[in-house]
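Worksheet: one structure, shown below.
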Number of protein chains: 2
Amino acid sequence: MDDDAQGRPLTAYPRPSVAVDTAVLAVRPTDGQLTVLLIRRESRHLDQSEALPGTFVHDRQRLAEAVARSLDQKVGLPADVVPEQLHVFDDPERDSRGWVMSVAHVVALPWRVVEPILSARPEVVVDRPIDRARGLPFDHDDIVRRAVAWLRERYAERPDPAGLLDEPFTMRQLRELHTAVAGEPPSSSDAFRRRMVDHLVAVKGELLRGTVGKPAQLFRRR
Amino acid sequence: MDDDAQGRPLTAYPRPSVAVDTAVLAVRPTDGQLTVLLIRRESRHLDQSEALPGTFVHDRQRLAEAVARSLDQKVGLPADVVPEQLHVFDDPERDSRGWVMSVAHVVALPWRVVEPILSARPEVVVDRPIDRARGLPFDHDDIVRRAVAWLRERYAERPDPAGLLDEPFTMRQLRELHTAVAGEPPSSSDAFRRRMVDHLVAVKGELLRGTVGKPAQLFRRR
DNA sequence: CAAATAGTGTCTCTTAGACAGTATTTG
DNA sequence: CAAATACTGTCTAAGAGACACTATTTG
């Protein structure tokens with residue numbers, strides 16, 4: 001910014017509260033649904049009982065720190081997640097409590113990380129399929145929509161940019177991941193294979209399928 | 001955000017000043033350079049003398065309003081520009097005057113709009129080719145880089161999403177615009193034509209070239 | 001006519017998609 | 001062997017790029 005505060009202290013200007021809200025996305029293996037984590041709350045002065053995890057930014061704190069803190073305290077996630085900025089929601093009326101800007105964030109996590117949290121605090125943290133995460137408070141519906149669009153864009157290019165699969169994985173697991181992210185299966189299974197295989201490296205050793213069929217090649221990200 | 005302010009007034013939290021900074025991009029017809037508008041300033045307590053136009057957000061003001069106000073007052077641009085959010089810069093040390101977050105914005109404008117400003121206030125507003133807009137204060141180098149990447153992404157898909165050309169225009173003018181935006185000419189002139197022509201509509205009447213050559217078809221955006 | 005610019009026809013290469021056919025496992 | 005799953009070969013269609021060729025202007 002420029003200094004229209006020239007000779008004038010910064011405190012002379014009214015300042016908004018700044019919050020962060022984060023869409024934590026994950027793919028539920030039981031039904032292959034793309035889900036978002038929501039916090040269940042006592043609905044005191046707010047009518048909704050589920051919302052994205054978020055918090056206010058503390059004094060001179062970085063946004064990423066505030067996100068990590070809110071995910072740690074409210075969700076119980078480890079502090080090493082790397083969220084990405086999505087958008088600033090700045091409607092001065094968006095929060096009845098006052099002038100609050102929210103910087104929306106998104107992060108996608110493997111189920112291996114998400115599952116323990118859901119079993120540890122089932123009455124606090126819930127996973128909701130993204131098409132059933134509607135009617136959330138504030139602009140949280142918007143944030144979920146943007147988060148999903150962000151994830152889909154990233155997965156259109158590369159096999160697994162967010163590292164949602166544990167390595168090594170089969171082409172089938174990768175295809176099922178993409179089906180979950182995109183909301184529909186890729187148009188053709190073999191075209192999908194050919195599109196992806198250049199970005200992967202084959203691993204010796206094969207997966208002995210639990211059921212029938214030819215054993216599948218295992219891959220790692222290139 | 002969630003309410004960790006439950007029962008606690010919002011004012012109990014320290015709040016940052018929030019600023020907006022905007023990269024105004026334009027293509028200079030004289031040399032076909034992609035340029036960014038900078039404000040020349042009296043360097044009082046800041047060493048740099050050129051910076052992106054910006055301002056602090058006023059009480060309960062929307063970011064887009066703050067951007068429009070700064071572009072109006074500092075640059076002299078009409079208020080109907082539609083900037084887009086790029087990124088929030090949140091390093092608490094980024095401004096020596098205090099805790100300031102800046103929401104970076106970008107907008108691309110036709111030269112027809114930019115030129116009158118440069119001639120009206122040449123000692124205040126200057127246009128700088130983007131590869132020579134380096135060493136700017138704060139995170140403005142970063143903002144310019146992100147702004148250019150944003151513009152290039154948009155022009156990779158469609159002929160003229162920002163409306164930089166006055167309609168109707170020739171394929172040559174469009175190609176020169178893309179050359180300026182991308183920083184290099186499209187690989188092949190006829191492949192470029194074929195890629196673009198589906199997104200355009202031909203106009204009757206042709207352009208009589210000032211110099212030699214077959215008159216060119218005129219197009220509008222579809 | 002020469003130079004310059006606009007536009008088309010056509011060839012090659014690559015890629016996506018469709019689809020059939022082959023390969024290898026379990027039961 | 002049947003069923004299921006993994007993979008490959010091949011055809012077609014679409015698109016990008018290269019390049020030559022045609023078209024229409026100015027001087």
Side-chain angles (χ1 to χ4, degrees), chain A residues 29 31-32 152-160 165-222, chain B residues 29 31-32 152-160 165-222:
Chain A
D31 58 357
R152 287 183 175 161
E153 237 172 80
R154 293 177 68 83
Y155 273 79
E157 304 284 325
R158 326 216 82 244
D160 187 16
L165 284 182
D166 286 336
E167 295 180 309
F169 49 82
T170 65
M171 198 54 81
R172 182 196 187 86
Q173 292 171 314
L174 185 62
R175 180 159 35 85
E176 281 165 354
L177 171 61
H178 277 251
T179 304
V181 168
E184 58 180 15
S187 56
S188 148
S189 177
D190 39 0
F192 175 80
R193 159 181 289 272
R194 278 185 258 250
R195 209 168 346 114
M196 290 299 155
V197 78
D198 298 340
H199 304 114
L200 301 172
V201 283
V203 176
K204 300 295 148 248
E206 296 171 331
L207 183 80
L208 303 182
R209 296 289 298 107
T211 56
V212 301
K214 180 174 170 177
Q217 178 62 256
L218 289 170
F219 296 94
R220 295 183 181 278
R221 296 170 207 103
R222 180 182 292 273
Chain B
D31 57 358
R152 287 184 175 160
E153 239 173 77
R154 293 177 66 84
Y155 273 79
E157 305 284 324
R158 325 216 83 244
D160 186 17
L165 284 181
D166 287 335
E167 292 180 311
F169 49 82
T170 64
M171 198 55 81
R172 180 196 188 85
Q173 292 172 313
L174 185 62
R175 181 159 35 85
E176 281 165 353
L177 171 60
H178 277 250
T179 303
V181 167
E184 58 181 15
S187 56
S188 147
S189 177
D190 38 0
F192 175 80
R193 159 182 290 272
R194 277 184 258 249
R195 205 167 350 112
M196 289 300 155
V197 78
D198 299 338
H199 304 113
L200 301 172
V201 283
V203 176
K204 300 294 149 251
E206 298 171 331
L207 183 79
L208 303 182
R209 298 288 298 106
T211 56
V212 301
K214 179 175 169 178
Q217 178 63 255
L218 290 170
F219 297 94
R220 294 182 182 279
R221 297 171 205 100
R222 180 180 293 272

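In this text the structure is predicted, and so the values were computed from the model without any measurement.
Taking 4.0 angstrom as the limit, B:Arg193 places none of its side-chain polar atoms (N or O) nearer than this to OP1 or OP2 of C:dA6. Phosphate contact (OP1/OP2 of C:dG17, side-chain N/O of A:Ser187, threshold under 4.0 Å): present.
Checking C:dT25, D:dT24, C:dA18 against the side-chain heavy atoms of A:Val212 singles out C:dT25 as nearest.
If you measure from atom CE of B:Met196 to atom P of D:dG17, you get 11 Å, rounded to the nearest angstrom. In this structure, the CG atom of B:Leu174 is 18 Å from the P atom of C:dT5, given to the nearest Å. Atom P of nucleotide D:dT8 and atom CZ of A:Phe192 are separated by 15 Å, given to the nearest angstrom. Following rounding to the nearest Å, A:Arg175 (CZ) and D:dT5 (C1') show an atom-to-atom distance of 10 Å. With rounding to whole Å, A:Leu200 atom CG is found 12 Å from D:dC7 atom P. The distance from atom CD of B:Glu176 to atom P of C:dA6 is 8 Å, rounded to the nearest whole Å. Here C:dG7 presents its P atom at 6 Å from NZ of B:Lys214, a figure rounded to the nearest Å. Between the C1' atom of C:dT5 and the CZ atom of B:Arg172 lies a distance of 7 Å, rounded to the nearest Å.
For D:dG9, its base sits under 3.5 Å from the side chain of A:Arg194 at one donor and acceptor pair at least.
Across all strands, A:Arg195 comes closer than 4.0 Å only to sugar-phosphate atoms, never to a base (heavy-atom distances).
Atom CG of A:Leu174 is separated from atom CZ of A:Arg221 by 9.0 Å, given to the nearest 0.5 angstrom. Put simply, CZ on B:Arg194 and CE on B:Met171 are 11.0 Å apart, with the number rounded to the nearest 0.5 Å.
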>> Evaluate B:Asp160 against B:Glu167 for side chain to side chain contact (heavy atoms under 4.5 Å, CB included), listing each step before the verdict.
In response: CA-CA 11 Å; B:Asp160 186 17; B:Glu167 292 180 311; over 6 Å; no
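Between the side chain of B:His178 and the backbone N or O of B:Pro159, at least one donor-acceptor pair lies under 3.5 Å.
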